[in-house]
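Structure record follows, encoded as structure tokens.
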Amino acid sequence: MTSTAQEWHLVARPVGIPGAGDFRLVERELPGPGDGEVLVRNTYLSMDPYMRALMGADVEADIPPYELDRPMTGGAVGRVVESRAAGLAPGDLVLSDLGWRTAAVAGAGYFTRLQWAEGVPDSAFLGVLGMPGLSAYVGLTEIAGLREGETVFVSGAAGAVGGVAGQIARLRGAKAVIGSAGSDAKAEYLTSELGFTAAFNYKDGSVREQVSRAAPAGIDVYFDNVGGDHLEAAIDVLNPHGRVALCGAISGYNATESPPGPRNMADVIKKRLTLRGFEVGDHAALRPRFVDEMSSWLVDNRITFRETVEHGIGNAVNAFLGLMSGRNTGKMLVRV
Ligand code: NDP
């Protein structure tokens, strides 16, 4: 039996901030599943900053760029509608990388069957229990090696990764957790709902001055989602032997020229700092431990999260642009 799907294609490689004309919503007939295949209807699509890189033409990136005039990919959760594959049955909740579309027919190997967890919405598998949550966990524990009693600074703190990183820092015994975000409302959310010790709106003035004010004795760990002036400020404020988990550098993702590097790299030497980048995909082996720990934190209400949900496949590009300009608090999703 055939069915219809709507899917977003990239039709031009954006220069600077992407525009609506770089994308096209295409409707097409899907064939019925063949042997070993399933038909899945997506319920939530993940919007992620890394997708901006895939819209470019960097053939040396870990993940190949999006092909023009082909459906874009990305995280999605959905339900199996029809199955001709062993191990997947209609109604099963699955995770895939076949996002930016309402439905897909593909081999069972493209989908991971998810264990429904009581009290946890399906969408959480794209956020707090998914790739962003694992990134926060890996960055803080494995990359930065957070120790009890340390002071932590998290940028992009009201986003999907940052909000989880700050809460894990608190649960792992940090003395103080400082967050930066792009509005007063987000800063307020960090202290009142996520348990950050202090937070500031980076648009209010110098990041360096605001971190110093919040952490007069300096910071020991910096979880970087932003790069640019945030990274430079953190290098200034880090204590000797401080560590930085370089997770993202979103302040430069739409840049048309290479952003300037931190001007204080000599301090990295003087203070014996460690700056270490990571890709969450290299740390899949930690997923079972992460899922166990995160599930129990969620059940015990020790970790909380928000989602920003745009409705309808037609709003996916809008949601992506909103993510890049800070319209989200917590994970940015599209409900289809
Ligand atoms: P978020 O949910 O944090 O959404 C992006 C946020 O970035 C926006 O809400 C906005 O918040 C902020 N932002 C946008 N432009 C700027 C800017 N110029 N300066 C400061 N902040 C800005 O996204 P994620 O949690 O999914 O990702 C966070 C970071 O982690 C990204 O850099 C991403 O690339 C990276 N990442 C890296 C992974 C890895 O394996 N290394 C895996 C997953 C994510 P605001 O209102 O505060 O400006």
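Only this structure's heavy atoms are used, side chains among them; waters, hydrogens and symmetry mates stay out. Just so you know, ligand 1 is whichever comes first in the structure, and atom 1 is the first atom listed for that ligand. What you are looking at is a predicted structure, and each value in this text was computed from that prediction instead of being measured.
- A salt bridge links D48 with K331; the closest basic N to acidic carboxylate O contact falls under 4.0 Å.
- Between R24 and E7, none of the side-chain N atoms (NZ, or NE/NH1/NH2) sits under 4.0 Å from a carboxylate O, so this pair counts as no salt bridge.
- Sorted by first and then second residue, the salt bridge (Lys or Arg N to Asp or Glu O under 4.0 Å) pairs involving residues 140-169 (not counting sequence neighbours) are E142-R289, R147-E150, E150-R243.
- One option in Y253, Y50, Y202 has a heavy atom closer to atom 48 (O) of ligand 1 than any other, and that option is Y202.
- From the protein, the heavy atom lying nearest to atom 18 (N) of ligand 1 is S251 CA, 3.5 Å.
- Close contacts between ligand 1 and M131 involve ligand atoms 42 (C), 43 (C) [criterion: under 4.0 Å to a heavy atom].
- Residue-ligand proximity: M324 is placed with a non-hydrogen atom under 4.0 Å from ligand 1.
- With D97 contributing its side chain and Y110 its backbone, the two residues share no donor-acceptor pair below 3.5 Å.
- Residue contact check for ligand 1: A158 places no non-hydrogen atom closer than 4.0 Å to it.
- Each of R287, H283, E293 was compared with Y137 under the side-chain hydrogen bond (donor to acceptor under 3.5 Å, both in side chains) criterion, and only E293 meets it.
- Contacts between S135 and ligand 1 below 4.0 angstrom, taking non-hydrogen atoms only, involve the side chain exclusively.
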Got a list of side-chain donor-acceptor pairs under 3.5 Å for residues 64-81, not counting sequence neighbours?
from : atom 1 : to   : atom 2 : distance (Å)
Y66  : OH     : T73  : O      : 2.7
R79  : NH1    : G91  : O      : 3.0
R79  : NH2    : D122 : OD2    : 3.0

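- When only non-hydrogen protein atoms are considered, atom 47 (O) of ligand 1 lies nearest to G182 N, 2.8 Å.
- The nearest protein atom to atom 9 (O) of ligand 1, hydrogens excluded, is given as N328 OD1, 2.5 Å; this is a heavy-atom distance.
- Within the 4.5 Å cutoff, the side chain of L194 has no heavy atoms near those of the F305 side chain.
- Atom 7 (O) of ligand 1 has as its closest protein heavy atom I250 CD1, 3.5 Å.
- Ligand 1 places these atoms under 4.0 Å from at least one heavy atom of A160: 1 (P), 2 (O), 3 (O), 25 (O).
- Looking at atom 38 (C) of ligand 1, its nearest protein heavy atom turns out to be C247 SG, 3.8 Å.
- Only the backbone of A249 comes within 4.0 Å of ligand 1, counting heavy atoms alone; no side-chain atom from C-beta on gets that close.
- Among all heavy-atom pairs drawn from A165 and A136, the shortest one is N-CB, 3.5 Å.
- With hydrogens and angles disregarded, a donor-acceptor distance shorter than 3.5 Å links the side chain of Q210 to the backbone of N201.
- Nearest to atom 40 (O) of ligand 1 among the protein's heavy atoms is V280 N, 2.7 Å.
- Taking a cut-off of under 4.0 Å to the non-hydrogen atoms of G248, the atoms of ligand 1 that pass are 32 (O), 35 (C).
- Near F278, meaning under 4.0 Å from any of its heavy atoms, are these atoms of ligand 1: 39 (C), 40 (O), 41 (N).
- A 4.5 Å side-chain heavy-atom check between Y202 and V226 finds every atom pair outside the cut-off.
- Below 4.0 Å from some heavy atom of E279 lie the following atoms of ligand 1, by number and element: 40 (O).
- In this structure, of G159, P259, P49, the residue bringing a heavy atom nearest to atom 33 (C) of ligand 1 is P49.
- Looking from atom 46 (O) of ligand 1 to the surrounding protein, the closest heavy atom is K186 NZ, 2.6 Å.
- Side-chain atoms of P49 and Y253, non-hydrogen and from C-beta on, do get closer than 4.5 Å to each other.
- Of all atoms in ligand 1, listed by their number and element, those nearer than 4.0 Å to a heavy atom of A181 are 47 (O).
- E310 and R327 are joined by a salt bridge, as a carboxylate oxygen and a charged side-chain nitrogen come within less than 4.0 angstrom of each other.
- Of the protein's non-hydrogen atoms, N225 OD1, 3.8 Å is the one closest to atom 28 (C) of ligand 1.
- M47 places none of its side-chain heavy atoms less than 4.5 Å from the side chain of L333.
- Remark: among candidates V138, V161, V207, L323, the nearest residue to atom 8 (C) of ligand 1 is L323, based on non-hydrogen atoms.
- Contact annotation for V226 and ligand 1: only side-chain heavy atoms (C-beta onward) come within less than 4.0 Å of the ligand.
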